[in-house]
Amino acid sequence: MPLRLHNTLTRAIELVTPANADGVFRMYCCGPTVYGPSHIGNFRAFVVQDVLRRALEIELGAEKVLHARNITDVDDRIIVQTQTEKRSLAEITAHWSGLFHADCRALNLLPPHYEPSAVEHIPAQVALIERLIFHRHAYRADDGSVYFDVSTYPAYGGLARLDFTALRKQTTNSAGEANLADKYDREAAADFALWKARKPEDGSNYWPSPWGEGRPGWHIECSAMIEKIFGGQTIDLHGGGIDLIFPHHENEIAQSCCAHESEPGYSFVRHWFHNAHLLLEDTKMSRSLGNLYTVADIQKMGFDPVVLRYVLLTAHYRSPLVFTQNGLEAAQSALHKLDKHLLALALRATGDAAKTKETLLRLKKSSPKALRWGRFATAWEVLTDDLNVPGTLGEIFKVEPKAATVEQAKEDLEGLLKITVGVLGLDLPLPETKILVPDEIVELAKQRWAAKQAKDFAKADALRKELSARGWKSLDRKDGYDLAKE
RNA sequence: GGUGCGGUAGCCAAGUGGUAAGGCCGGAGUCUGCAAAACUCCCAUUCGUCGGUUCGAUUCCGACCCGCACCUCCA
């Protein structure tokens, strides 16, 4: 079955296919604003987009997918930081984007083919704003800021399906606060900034423009970078968190469509792909609320990032997902189970325990598209229905790791690797975790093993209790033992 | 208030007009001195509530209750 996905624009499940004659699928995803650590809720979006990309590469071939994800490195909050921390914008954004990339690697995210920076695309943004002013979709305010005139784009609100006549009359926002329209020098509350005029508190963070010094507004960067990277043609898919539907993506549509109004039939994006949020105790995880966890926090809790990746995939991408410690533990156990299935199939396929590791490594290095599905074809079928990852996981576990024949084991081994590592990006098996054992624990364990060898079970049991009191346990084998934390 | 999404076992979570996938936890057993690991088996007469349509609804329709999100900082 070809891949089908929910499209926010039409609210329907649609086939995702490349529109262009070259057969290349072009996707753009809104990336992080690098003013602080990215949290695991941010990564839900990037993990989901990564699975989509991998699925597209399976379907179309890796060379037929182009993926762009921007870095927002100019923004009000970053500029405030340059002043409070007395560091340059470049210094701050380099620091946080470096950490972001490290987290991406830890989560096994494929690097995008393009990773444009907003600061590096200021001329492209200025050029786009000029086009909008030329076509009378934007106006310069007295202070030198430029705003998009929403009233010139009748289709505005189409993505979010908001009623703008009602919205304009609204005098309070969701929190019951007064509408902030008057704070800005714009003609209508719905108008949004394309260019923000320089203010004294901006420090050295301003750029020249035909309207005076200042900096670009947020929404224009994506429109400009998409234009630049993909040559102004319609792109196949645009992704982001559900919170970006309005106003960010709504505004992008308005900007890009108005800039192209001289081209009849122009469409900006064919398919809009939005994921629901990660929640913490029924509340959205967000930087402003301060209720966030980072990838580093998860590692400090003793979990490998692949466990987090699994957790982020346990709910369908359009459903909210509540993050809990319990969820991490369940994910770790489930991954362990998959790991066992993988080893069982590899052992059967190779018939030789010594060869399994080497075989697994070799298969993992090969292109996922080249691998066979075996009995995991149904898992893929389920995935193609709107990226139903929970359903896919169910299908994966339904396949008994006992293959009927060696040939089937070989095929299944490829299939299991293809779906888990190749599509879901769950890089199994789990790396063996190295644990530091205190000397006193090592000594107690030695004594216990000696007592056990001497068949002094009373002493051995007493020592096991000693170990337990210190939080450790001995896992005995025939020829020795391992130590583990209880 | 407007708009949208959702309420499925102890927890997480798919799904379908024909009688409930899967994961975690838990229980029983096999095997080991013990413990663990591993393996086998068990674990929702029921899908928020109340009505309706239907031979039949968890699945469709209506009402209601509850939760979450968005309504110009947000992945």
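To find a chain, count down the sequence lines: A is the first, B the second, and so on, and within it residues start at 1.
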Proximity to the side chain of [X] - top-ranked nucleotide from [options]:
| X | options | answer |
| --- | --- | --- |
| A:Pro390 | B:A75, B:A13, B:C70 | B:A13 |
| A:Ser333 | B:G33, B:A13, B:C24 | B:C24 |
| A:Arg44 | B:C73, B:A13, B:A75 | B:A75 |
| A:Asn42 | B:C70, B:C39, B:A75 | B:A75 |
| A:Leu475 | B:A75, B:A36, B:C39 | B:A36 |
| A:Ala330 | B:C24, B:C70, B:C34 | B:C24 |
| A:Phe397 | B:C70, B:A75, B:G22 | B:G22 |
| A:Arg464 | B:A75, B:C34, B:A13 | B:C34 |

Nearest whole angstrom, please: distance from the [atom2] of [N] to the [atom1] of [X].
| X | N | atom1 | atom2 | result |
| --- | --- | --- | --- | --- |
| A:Lys340 | B:C39 | NZ | C1' | 9 Å |
| A:Tyr317 | B:A13 | OH | P | 17 Å |
| A:Leu467 | B:A36 | CG | P | 15 Å |
| A:Leu393 | B:G22 | CG | P | 13 Å |
| A:Ile245 | B:G4 | CD1 | P | 12 Å |
| A:Leu328 | B:G23 | CG | P | 19 Å |
| A:Ile242 | B:C71 | CD1 | P | 11 Å |
| A:Arg448 | B:G33 | CZ | P | 12 Å |

Euclidean distance for [atom1], [N] against [M] (whole angstrom):
| N | M | atom1 | value |
| --- | --- | --- | --- |
| B:C25 | B:C43 | C1' | 11 Å |
| B:U59 | B:A14 | C1' | 14 Å |
| B:C47 | B:U19 | P | 16 Å |
| B:C61 | B:C5 | P | 12 Å |
| B:A9 | B:A63 | C1' | 28 Å |
| B:U45 | B:A36 | P | 30 Å |
| B:C65 | B:C73 | C1' | 34 Å |
| B:A28 | B:A20 | C1' | 24 Å |

* Answer yes or no as to whether B:G33 has its base stacked against A:Phe457, where stacking requires a ring-centre separation under 5.5 angstrom and planes under 30 degrees apart. =>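 So A:Phe457 counts as stacking on the base.
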
[N] phosphate, OP1 or OP2, under 4.0 Å from [X] side-chain N/O:
| X | N | value |
| --- | --- | --- |
| A:Asn326 | B:C25 | no |
| A:Lys398 | B:G23 | no |
| A:Lys337 | B:G23 | yes |
| A:His336 | B:A38 | yes |
| A:Thr314 | B:G23 | no |
| A:Lys459 | B:G33 | no |

Between [Y] and [X], is there a side-chain heavy-atom distance shorter than 4.5 Å?
| X | Y | result |
| --- | --- | --- |
| A:Phe376 | A:Lys418 | no |
| A:Asn42 | A:Phe100 | no |
| A:Leu424 | A:Val389 | yes |
| A:Pro37 | A:His39 | no |

* Under the 6.0 Å and 45° cation-pi test, does A:Arg69 pair with A:Tyr114? ->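 No, A:Arg69 and A:Tyr114 do not form such a contact.
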
* Asked: Are A:Arg215 and A:Tyr206 in a cation-pi setup, meaning NZ or CZ lies under 6.0 angstrom from the ring centre and within 45 degrees of the ring axis?
  ->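 No - A:Arg215 does not lie over the ring of A:Tyr206 by the 6.0 Å and 45° rule.
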
When we call it a touch if two heavy atoms are under 4.0 Å apart, what does [X] touch: a base, just sugar-phosphate, or nothing?
| X | answer |
| --- | --- |
| A:Asp75 | nothing |
| A:Ser474 | base |
| A:Gly240 | sugar-phosphate |
| A:Lys465 | nothing |
| A:Leu244 | sugar-phosphate |
| A:His274 | nothing |

* Asked: If each of A:Ala334 and A:Thr324 is mapped to the nucleotide of RNA chain B with the nearest heavy atom, which maps nearer the 5' terminus, i.e. the 5' end?
  ->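 Residue closer to the 5' terminus by nearest nucleotide: A:Thr324.
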
* Take A:Pro247 and A:Glu395, find for each the nucleotide of RNA chain B with the closest heavy atom, and name the residue whose nucleotide sits nearer the 5' end. =>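 Whichever sits nearer the 5' end wins; that is A:Glu395.
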
* Asked: For A:Phe303, does the CZ atom sit with more than 12 other heavy atoms under 6.0 Å from it, leaving out its own atoms?
  ->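 Enclosed.
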
* To do: Kindly say whether, by distance alone, the side chain of A:Asp461 makes a donor-acceptor pair under 3.5 Å with the base of B:G33?
  =>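 A donor-acceptor contact between them is present.
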
Both distances under 3.5 Å, Watson-Crick or G-U wobble: report the partner of [N], or none.
| N | value |
| --- | --- |
| B:U19 | none |
| B:C50 | B:G62 |
| B:C41 | B:G27 |
| B:C5 | B:G67 |

* **NZ/NE/NH1/NH2 to OD/OE distance under 4.0 Å, A:Lys402 and A:Asp412** =>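 So A:Lys402 does not pair with A:Asp412 through a salt bridge.
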
* To do: Would you mind checking if A:Asp202 and A:Lys196 are paired as a salt bridge, meaning a charged N to carboxylate O distance below 4.0 Å?
  =>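 Salt bridge flag = no for A:Asp202 with A:Lys196.
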
